[in-house]
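Shown next, in structure tokens, is the structure this report addresses.
None of the values given here were measured: they were computed from a predicted structure. Letters A, B, ... mirror the listed sequences (proteins, then strands); counts begin at 1.
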Number of protein chains: 4
Amino acid sequence: MAGGVRARRKAERPGEILEAAFEEFVQNGYAATRLEDVAARVGVTKGTIYFYFENKEQLFVAMVRELSRPVHLQAEEFAASNSSTAPEFLRSYLCFLYRIIATDPRGREILRLLIAEASRFPALIDEHHQNFMGPVVRRLRQVLDDGNAKGEIRQSSVLEFPELLLAPALSLNIWMLLFSDRRPIDMERHFEIAVDLLLNGLLPRTTSESNKP
Amino acid sequence: MAGGVRARRKAERPGEILEAAFEEFVQNGYAATRLEDVAARVGVTKGTIYFYFENKEQLFVAMVRELSRPVHLQAEEFAASNSSTAPEFLRSYLCFLYRIIATDPRGREILRLLIAEASRFPALIDEHHQNFMGPVVRRLRQVLDDGNAKGEIRQSSVLEFPELLLAPALSLNIWMLLFSDRRPIDMERHFEIAVDLLLNGLLPRTTSESNKP
Amino acid sequence: MAGGVRARRKAERPGEILEAAFEEFVQNGYAATRLEDVAARVGVTKGTIYFYFENKEQLFVAMVRELSRPVHLQAEEFAASNSSTAPEFLRSYLCFLYRIIATDPRGREILRLLIAEASRFPALIDEHHQNFMGPVVRRLRQVLDDGNAKGEIRQSSVLEFPELLLAPALSLNIWMLLFSDRRPIDMERHFEIAVDLLLNGLLPRTTSESNKP
Amino acid sequence: MAGGVRARRKAERPGEILEAAFEEFVQNGYAATRLEDVAARVGVTKGTIYFYFENKEQLFVAMVRELSRPVHLQAEEFAASNSSTAPEFLRSYLCFLYRIIATDPRGREILRLLIAEASRFPALIDEHHQNFMGPVVRRLRQVLDDGNAKGEIRQSSVLEFPELLLAPALSLNIWMLLFSDRRPIDMERHFEIAVDLLLNGLLPRTTSESNKP
DNA sequence: GATGAATGAGATTTCATTCAT
DNA sequence: AATGAATGAAATCTCATTCAT
């Protein structure tokens with residue numbers, strides 16, 4: 001039993017601090033967050049933070065990395081999975097991305113921090129692109145290509161900008177970041193409609209000739 | 001007529017300061033911006049700022065308002081215009097929105113500031129919604145409704161979330177805020193493809209029966 | 001009369017601060033000196049110091065330079081003067097050096113700071129050598145050489161280490177720095193005896209008559 | 001016999017710590033030295049230092065005492081020795097003092113610390129005077145007196161300030177503390193010339209009448 | 001004996017804000 | 001109108017010291 005409480009505490013400290021840091025940084029932004037408040041949230045004193053992290057900047061970076069990692073892992077895992085048809089996979093993939101980009105408060109707020117502090121922490125942006133956005137876009141392009149080859153996806157220049165498929169999730173993200181307090185959104189419904197829009201577009205399906213000659 | 005230059009100078013001061021404030025706030029964020037740097041950019045000293053603005057907070061608010069106003073006015077004006085068919089108007093309206101949301105650096109960076117400081121300046125968010133996003137969405141809904149009535153727009157639940165039509169512009173905005181330094185994007189092309197996607201969707205148009213029963 | 005008190009104040013501030021800094025740094029050493037105490041000594045607040053000096057390090061450097069300058073100027077001036085014979089000039093030159101190295105508390109304490117912080121402020125050591133010690137030693141060598149040529153100074157290898165003539169002043173300096181509180185020293189007498197020792201040495205003069213009538 | 005290494009280790013710890021403390025204190029001065037660095041130099045952690053020493057102040061005091069003791073003992077021993085003539089003894093005594101004051105880096109740096117921290121650790125200064133400088137000066141006075149009585153040393157007021165004989169060593173010490181990095185000094189030669197100067201002075205020996213009427 | 005997590009006081013530094021000129 | 005010296009509160013960061021293990 002020796003070393004129980006102490007040791008357990010120690011092992012958990014960094015995580016606790018990162019968690020608290022996340023909340024404070026999200027609430028106030030990087031510059032306006034006081035390490036003292038982060039410490040207080042954990043129930044320790046300022047000094048303790050410096051025992052685990054070099055300085056405020058490093059704490060921020062570590063926090064973003066820590067909270068991003070599980071998401072990146074999940075995304076990797078999901079991308080590796082497969083489904084029968086392209087539209088089917090697309091639907092489940094987009095659902096997954098919706099969840100981690102727009103629905104999950106964590107992912108949402110991390111994105112806020114990245115947008116806000118992009119110029120101060122370019123390395124984080126790079127990592128985010130390398131570990132998440134890049135692979136996601138590549139996977140989307142692949143699905144579109146394959147689906148197109150199989151005739152499941154129409155011939156379209158969307159293949160040039162597969163990230164357009166993320167647009168509904170990203171715009172919902174912004175909407176939530178800006179207006180969530182004001183007017184609640186039915187995110188499930190938003191997703192359903194977005195998928196419908198992406199798959200079928202706005203123009204009536206009945207006409208045999210397209211309207212853009 | 002002596003003092004003409006002076007007088008002109010004086011009249012321009014507030015605008016110069018707001019301009020400088022915009023650049024500094026964008027570069028560093030609200031909290032990390034030093035009024036001294038704003039002043040230096042104008043070529044005056046800190047004290048002068050306090051002659052024209054109550055404090056840092058008010059300067060920020062005034063700056064966002066000042067830079068948003070012309071955009072809001074343009075948007076209002078554009079919304080009042082008309083075109084023959086719904087798809088036609090949609091195309092030109094979206095083009096306009098693309099420009100002020102994603103292509104124009106001003107609009108882009110203002111959105112960054114709103115996202116970053118949403119919790120500190122809720123009033124600005126309200127104004128933004130009231131003067132821009134709200135009217136835009138209302139106009140979009142109206143176009144969709146009218147188009148649908150005329151058979152130009154297919155019957156679709158997109159009418160529930162007209163803001164989905166903004167998704168491409170908003171996501172391009174985020175993309176630019178995050179990755180513009182890294183990877184240049186052909187924004188014209190992005191727009192064309194987005195319109196195509198919105199109008200026609202991903203599924204093949206040719207078959208008479210849709211593939212989503 | 002406009003701007004009187006204010007302007008006068010402003011012009012004097014840097015000097016006041018340097019003066020106060022000198023006293024605090026001497027009393028506590030570089031690291032243990034608190035800028036708040038320096039400020040309090042002047043009657044201003046911490047912030048004011050940062051209006052005039054970049055940081056603690058620069059304040060220290062500026063202080064040492066400021067207090068050294070007059071001494072260096074005097075030394076230069078004195079070195080330029082002349083006397084009839086070498087021993088005569090030597091006596092008056094050494095008297096002068098005694099004063100600024102060992103007798104004057106300012107010079108004494110500056111040397112303490114240089115010794116204490118040599119490794120942290122190598123530039124100051126360089127300046128001290130370049131502006132003071134170097135020229136002094138060169139002048140001493142010249143006097144010895146000339147005196148030797150004229151037969152006023154005996155042929156001796158002291159010419160190799162003219163700085164040895166500074167030894168009494170420097171050792172008195174150390175003595176004062178270490179033991180001044182404990183045991184008062186008659187510095188006039190110390191000087192007289194040192195000159196006698198340097199000129200005549202310890203060994204009896206070989207000539208038949210005794211050497212100090 | 002298990003634990004032999006351990007036991008030896010343990011017995012050596014305090015000495016190791018003092019040694020490490022010496023190096024750190026010399027490098028950074030008292031205030032700027034971090035106990036953590038001292039500990040790291042030994043290969044232990046901060047806590048261990050507190051097992052052997054009460055606090056930072058006591059560590060400093062113990063360190064100075066520890067490193068001074070062997071010097072004081074040697075000095076005592078040497079002072080007890082004798083030589084045929086006064087000038088002979090003087091030469092060897094001064095040589096010894098040169099070594100421990102100016103040539104040996106240890107003695108040199110200890111003096112730097114004493115000069116730097118004189119006001120914070122008056123007790124150390126007292127001890128230094130009582131155990132070293134005082135006895136040395138007394139012995140010098142005695143040699144001068146005896147030599148003078150025997151006619152080996154000329155009648156001179158140097159008897160009033162026998163510490164003047166230490167001046168060359170002390171000034172070399174300062175020179176090394178300040179300028180050693182910059183310009184190397186031939187310390188052997190310095191000593192030889194200093195002895196010559198002390199014994200024979202600067203004035204030509206041949207002239208029968210002194211030059212100071 | 002030794003560790004190292006934790007503390008908390010204190011130091012440097014920054015900067016929005018004021019106000020006499 | 002504008003300046004810029006001065007303030008003072010607050011934030012980051014450091015580190016001697018303690019103590020449970």
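- In this structure, C/E54 and C/V61 have side chains that are not in contact, with every pair of non-hydrogen atoms separated by 4.5 Å or more.
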Problem - Nucleotide-level pairing of DNA chain E, given in dot-bracket where Watson-Crick and G-U pairs need both distances under 3.5 Å and | marks other strands - result: .||||||||||||||||||||

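- Legend: residues meeting ring-ring contact (aromatic ring centres under 6.0 Å, His included) with A/F22, ordered by chain and number and at least two apart, are absent.
- In this structure, the side chain of D/K56 engages the main chain of D/A31 through a donor-acceptor pair within 3.5 Å.
- For A/E66, the side-chain hydrogen bond (donor to acceptor under 3.5 Å, both in side chains) partners at least two apart in sequence or on another chain are A/R69.
- Rounded to the nearest 0.5 Å, atoms CZ (D/R13) and CD1 (D/I49) are 10.5 Å apart.
- Without hydrogens or angle criteria, D/R112 side chain to C/I115 main chain gives a donor-acceptor distance under 3.5 Å.
- Contacts with DNA chain E (heavy atom under 4.0 Å) in residues 53-64 of chain A: none are found.
- Looking at C/T33, its side chain does come within 3.5 Å of a backbone N or O of C/G29 through a donor-acceptor pair.
- Rounded to whole angstrom, the span from the OH atom of C/Y30 across to the P atom of E/dA11 amounts to 14 Å.
- For the segment residues 36-50 of chain A, residues with any heavy atom less than 4.0 angstrom from an atom of DNA chain E are, sorted by number, A/V44, A/T45, A/K46, A/G47, A/T48.
- Listed by chain and number, the residues in a side-chain hydrogen bond (donor to acceptor under 3.5 Å, both in side chains) with D/E24 are D/N28, D/R41 (sequence neighbours excluded).
- Ranked by how close their nearest DNA chain F nucleotide is to the 5' end, B/F51 and D/R34 are led by B/F51.
- Using the six-membered ring where Trp is involved, C/Y30 and C/F121 have ring planes that are perpendicular, over 60° apart on the 30 and 60° scheme.
- Heavy-atom distances to DNA chain E give each of C/L35 and B/A32 a nearest nucleotide, and the one nearer the 5′ end belongs to C/L35.
- Side chain of C/T48 to backbone of C/V44: no donor-acceptor contact under 3.5 angstrom is found.
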